[in-house]
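One structure is given here, and the rest of the page talks about it.
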Amino acid sequence: MSSSQSHRNPLLESDIEVLGLSVRATNILRRNDLHTVGELTRVSARTLLGMTRLGRNLVLQIASSVERQGLHLADGGALEAAAPTAPAP
């Protein structure tokens with residue numbers, strides 16, 4: 001991350017704990033080497049869905065928490081595009 005980005009939004013350098021995520025979500029993100037808000041915003045919802053033990057509900061929780069801070073995931077948190085569609089009955 002460039003120093004100009006960090007001056008624009010110091011939240012990007014903050015620990016993911018500031019997002020108020022569940023302990024489970026925080027632990028999974030840390031196990032996948034995502035420790036700061038800035039690192040998390042560079043990841044797409046599709047990538048998060050591919051992480052072990054990180055399902056749709058937790059990805060929605062993460063995207064929502066990031067958006068409450070005025071930020072977004074790399075793909076804008078577009079879970080609809082990331083989730084497989086169920087066949088019509």
Side-chain angles (χ1 to χ4, degrees):
M1 176 183 340
S2 73
S3 93
S4 65
Q5 282 179 322
S6 64
H7 288 294
R8 276 187 265 155
N9 194 340
L11 178 63
L12 294 173
E13 293 183 8
S14 298
D15 190 274
I16 56 173
E17 218 168 82
V18 301
L19 296 174
L21 300 170
S22 67
V23 172
R24 179 180 173 160
T26 301
N27 287 342
I28 292 168
L29 292 173
R30 288 180 200 260
R31 270 188 244 121
N32 285 278
D33 292 322
L34 296 171
H35 302 279
T36 68
V37 175
E39 291 169 344
L40 183 57
T41 61
R42 290 191 294 271
V43 176
S44 69
R46 181 180 299 274
T47 300
L48 292 175
L49 277 172
M51 292 180 183
T52 303
R53 297 190 180 106
L54 199 57
R56 183 177 174 84
N57 287 337
L58 283 179
V59 173
L60 286 170
Q61 177 193 116
I62 292 165
S64 175
S65 295
V66 169
E67 288 170 8
R68 278 196 301 271
Q69 300 297 326
L71 302 169
H72 55 82
L73 298 177
D75 58 0
L79 248 175
E80 298 76 30
T85 57

With sequence neighbours excluded, residues passing side chain to side chain donor-acceptor pair (under 3.5 Å) with Ser14:
none
Residue set satisfying side chain to side chain donor-acceptor pair (under 3.5 Å) with Ser44, at least two apart, ordered chain then number -> Thr47
Side chains of [X] and [Y] in contact at under 4.5 Å (non-hydrogen atoms):
| X | Y | answer |
| --- | --- | --- |
| Leu73 | Leu40 | yes |
| Leu34 | Met51 | yes |
| Leu54 | Val59 | yes |

Going through the checks in order, is the side chain to side chain contact (heavy atoms under 4.5 Å, CB included) test met by Leu29 and Val43?
CA-CA 11 Å; Leu29 292 173; Val43 176; over 6 Å; no
Ignoring hydrogens and geometry, is there a side-chain-to-backbone donor-acceptor pair from Asn9 to Leu11 under 3.5 Å?
yes
Are any side-chain N or O atoms of Ser64 and backbone N or O atoms of Gln61, one a donor and one an acceptor, separated by less than 3.5 Å?
no
Applying side chain to side chain contact (heavy atoms under 4.5 Å, CB included), name anything that partners Arg24, two or more places apart in sequence or on another chain.
Ser22, Ile28, Arg53, Leu58
Mind checking side chain to side chain contact (heavy atoms under 4.5 Å, CB included) for Arg30 and listing every partner two or more places apart, or none if nothing turns up?
Asp15, Ile16, Glu17, Thr26, His35
Spacing of CG belonging to Leu19 relative to CD1 belonging to Ile62, to within rounding of 0.5 Å:
9.0 Å
Rounded at 0.5 Å granularity, tell me how far CG in Asn32 sits from CG in Leu48.
8.5 Å
Might you point out which heavy atoms bring Leu21 and Ala25 nearest each other, and give the distance in Å?
CB-CB, 4.1 Å
